[in-house]
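Along the sequence shown, residues carry numbers from 1. Every heavy atom of this structure was used, including side-chain atoms; hydrogens, water molecules and symmetry mates were not.
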Amino acid sequence: MTALSTPQSPLSSSIGLRRRLARISDAAGHIRTMAIDHPENYLKLFDADLDRVGFDEVVESKLDMIRVLAQHSTSVLIDPVWSFGQAIAAGAVPGDVGILSGIEDLYYEPSSAVGFDTELKLKPGWDPAVLAALGADAAKLVVFHRDDQDADVVAQQHAVVAEAAAACRAHQLPLVVEPLWFPTGDEDLADPAVRAVRRRSVLSSARSFREAGADIMKVEFPVLDLTDLDAAHEACQALDEAVSGPWVLLSAGVTFEGFRTQLDVAADHGCSGFMAGRAIWGDAVGRMDAAARRAGADLAARRLDELAEVLEGRGRPAYTPVDQAEVASLIGPQWYLGAVGEQA
């Protein structure tokens with residue numbers, strides 16, 4: 001519900017955090033992130049046999065999208081393997097566009113309901129200290145989570161998030177936490193009872209992972225049926241009440257039209273923006289000729305602009321600067337002496 005993850009009266013040690021929040025947001029405080037950090041599920045858009053997908057063609061595809069779509073976003077969410085270093089080296093990300101990257105270690109598991117092993121692990125060699133040193137503006141952490149999982153699993157997930165939050169805080173790096181619900185056994189999402197379980201978990205995880213240390217929650221839309229807009233509005237209101245800080249929507253593979261509707265509803269209830277991928281650029285990725293890829297990228301750019309229009313004048317800012325008339329009383333002449341090392 002609150003717009004700020006940092007104190008309204010900031011300590012000197014939150015200046016770096018605020019600077020990074022500003023870099024991933026627009027002037028209104030909205031976060032409009034183009035997410036293209038997808039691993040093997042991105043490769044599958046080229047060929048079902050991943051061994052037939054070349055490293056070079058994935059890098060080229062991702063950088064083509066980043067170069068065009070970064071100009072229509074406040075920030076980009078990119079991966080360490082195919083896009084982070086390559087995009088910076090190639091100048092695909094403009095200097096005024098923020099960069100986020102995920103610190104989770106995803107293990108591809110095609111037989112899984114989500115396509116990946118659901119155990120939460122951090123990626124070796126890609127921690128908040130490395131991200132901060134390389135100029136990243138935020139870290140993202142995916143958690144495959146159900147609130148009815150074994151209590152030891154739930155506790156381990158929250159402990160890992162708390163550990164990641166502390167590491168991010170040491171480098172004044174915002175942490176975005178992305179809980180993803182998944183079905184188990186013979187659960188069918190067409191079953192209203194299963195949908196109710198999912199809704200409850202989306203709301204509870206948004207609250208609990210925020211309390212574990214997330215600066216920004218990246219959340220799934222809490223309901224699946226967009227024909228019942230009253231229920232959708234009710235769920236988003238409950239979501240906003242559950243989160244004591246900024247939250248943004250992920251697209252979770254829905255169509256662009258469906259995601260636009262979700263964002264339109266969420267913007268009435270304090271949503272601070274979006275971090276979305278396939279719903280935006282899905283038509284531009286895969287083995288296609290240059291003209292088709294460019295047409296897909298142009299369509300994706302128009303979609304990003306349309307989502308920006310949906311947010312205009314609505315939602316709640318993820319970042320709000322201190323009033324200039326008050327800042328001298330809050331940040332004194334020796335503020336820099338405590339800028340690093342003191343906890344905000």
Evaluate the criterion side-chain contact (heavy atoms from CB on, under 4.5 Å) for residue pair H30 and S25; output intermediate values, then yes/no. CA-CA 5 Å; H30 290 138; S25 308; over 6 Å; no
Closest approach of [X] and [Y], non-hydrogen atoms and distance?
{"X": "S251", "Y": "R278", "result": "OG-N, 4.2 Å"}
{"X": "L106", "Y": "P39", "result": "CD1-CG, 4.1 Å"}
{"X": "S61", "Y": "Y42", "result": "OG-OH, 2.6 Å"}
{"X": "F259", "Y": "A279", "result": "CB-CB, 4.2 Å"}
{"X": "A300", "Y": "I280", "result": "CB-O, 3.2 Å"}
{"X": "I24", "Y": "S75", "result": "O-OG, 3.3 Å"}

So does [Y] get a backbone contact from the side chain of [X], meaning a donor-acceptor N/O pair under 3.5 Å?
{"X": "D47", "Y": "L50", "result": "no"}
{"X": "T74", "Y": "R32", "result": "yes"}
{"X": "D137", "Y": "I99", "result": "yes"}
{"X": "Q172", "Y": "G16", "result": "yes"}
{"X": "S201", "Y": "V197", "result": "no"}
{"X": "E57", "Y": "V53", "result": "no"}
{"X": "R293", "Y": "V285", "result": "no"}
{"X": "R67", "Y": "A90", "result": "yes"}
{"X": "W181", "Y": "E220", "result": "no"}

Are the charged groups of [X] and [Y] less than 4.0 angstrom apart, N to O?
{"X": "R207", "Y": "E241", "value": "no"}
{"X": "R169", "Y": "D215", "value": "no"}
{"X": "K62", "Y": "D79", "value": "yes"}
{"X": "D298", "Y": "R302", "value": "no"}
{"X": "R198", "Y": "E187", "value": "no"}
{"X": "R303", "Y": "D283", "value": "yes"}
{"X": "R23", "Y": "D96", "value": "no"}
{"X": "R260", "Y": "E306", "value": "yes"}

Does the side chain of [Y] come within less than 4.5 Å of [X]'s, by heavy atoms?
{"X": "V176", "Y": "L77", "value": "no"}
{"X": "V160", "Y": "Q157", "value": "no"}
{"X": "I36", "Y": "I78", "value": "yes"}
{"X": "C168", "Y": "P174", "value": "no"}
{"X": "H145", "Y": "T118", "value": "no"}
{"X": "D152", "Y": "V154", "value": "no"}
{"X": "F221", "Y": "V265", "value": "yes"}
{"X": "K140", "Y": "D37", "value": "yes"}

For the residue pair F209 and H158, categorise the inter-ring angle as parallel (less than 30°), tilted (30 to 60°) or perpendicular (more than 60°). parallel
Would H72 and D305 count as having a side-chain donor-acceptor pair, cut-off 3.5 Å? yes
Crowding at CG, D186 (>12 non-hydrogen neighbours, <6.0 Å): no
More than 12 heavy atoms of other residues, nucleotides or ligands under 6.0 Å from CZ of R287: is that the case? yes
Let's go through K123 and I103 carefully: what are the C-alpha distance in whole Å and the side-chain angles of both, what is the deciding distance for side-chain contact (heavy atoms from CB on, under 4.5 Å) to 0.1 Å, and is it a yes or a no? CA-CA 5 Å; K123 191 172 188 66; I103 57 174; 5.6 Å; no
About how many Å separate [atom2] of [Y] and [atom1] of [X], when rounded to the nearest 0.5 Å?
{"X": "S272", "Y": "W247", "atom1": "OG", "atom2": "CH2", "value": "8.0 Å"}
{"X": "D289", "Y": "R294", "atom1": "CG", "atom2": "CZ", "value": "13.5 Å"}
{"X": "Q156", "Y": "Q149", "atom1": "CD", "atom2": "CD", "value": "9.5 Å"}
{"X": "W281", "Y": "I66", "atom1": "CH2", "atom2": "CD1", "value": "10.5 Å"}
{"X": "C271", "Y": "L249", "atom1": "SG", "atom2": "CG", "value": "4.5 Å"}
{"X": "L100", "Y": "M275", "atom1": "CG", "atom2": "CE", "value": "5.0 Å"}

Co-membership, hydrophobic cluster, residues M288 and W82, 4.5 Å side-chain: no
Count I, L, V, M, F, W, Y as connected when their side-chain heavy atoms are under 4.5 Å apart, and connections chain through other members. Are L224 and L203 then in the same cluster? no
May I have the step-by-step check of salt bridge (charged side-chain N to carboxylate O under 4.0 Å, His left out) for R314 and D264, ending in yes or no? CA-CA 9 Å; R314 305 172 67 198; D264 187 45; 2.7 Å; yes
Decide side-chain contact (heavy atoms from CB on, under 4.5 Å) for V143 and E104; before the verdict, give the C-alpha distance in whole Å, the side-chain angles of both, and the deciding distance to 0.1 Å. CA-CA 8 Å; V143 185; E104 67 276 351; over 6 Å; no
V248 and side chain to side chain contact (heavy atoms under 4.5 Å, CB included): which partner among V219, T33, I31? I31
I would like to know whether D228 and D230 meet side-chain contact (heavy atoms from CB on, under 4.5 Å); could you show each step before the answer? CA-CA 6 Å; D228 187 348; D230 288 341; 3.8 Å; yes
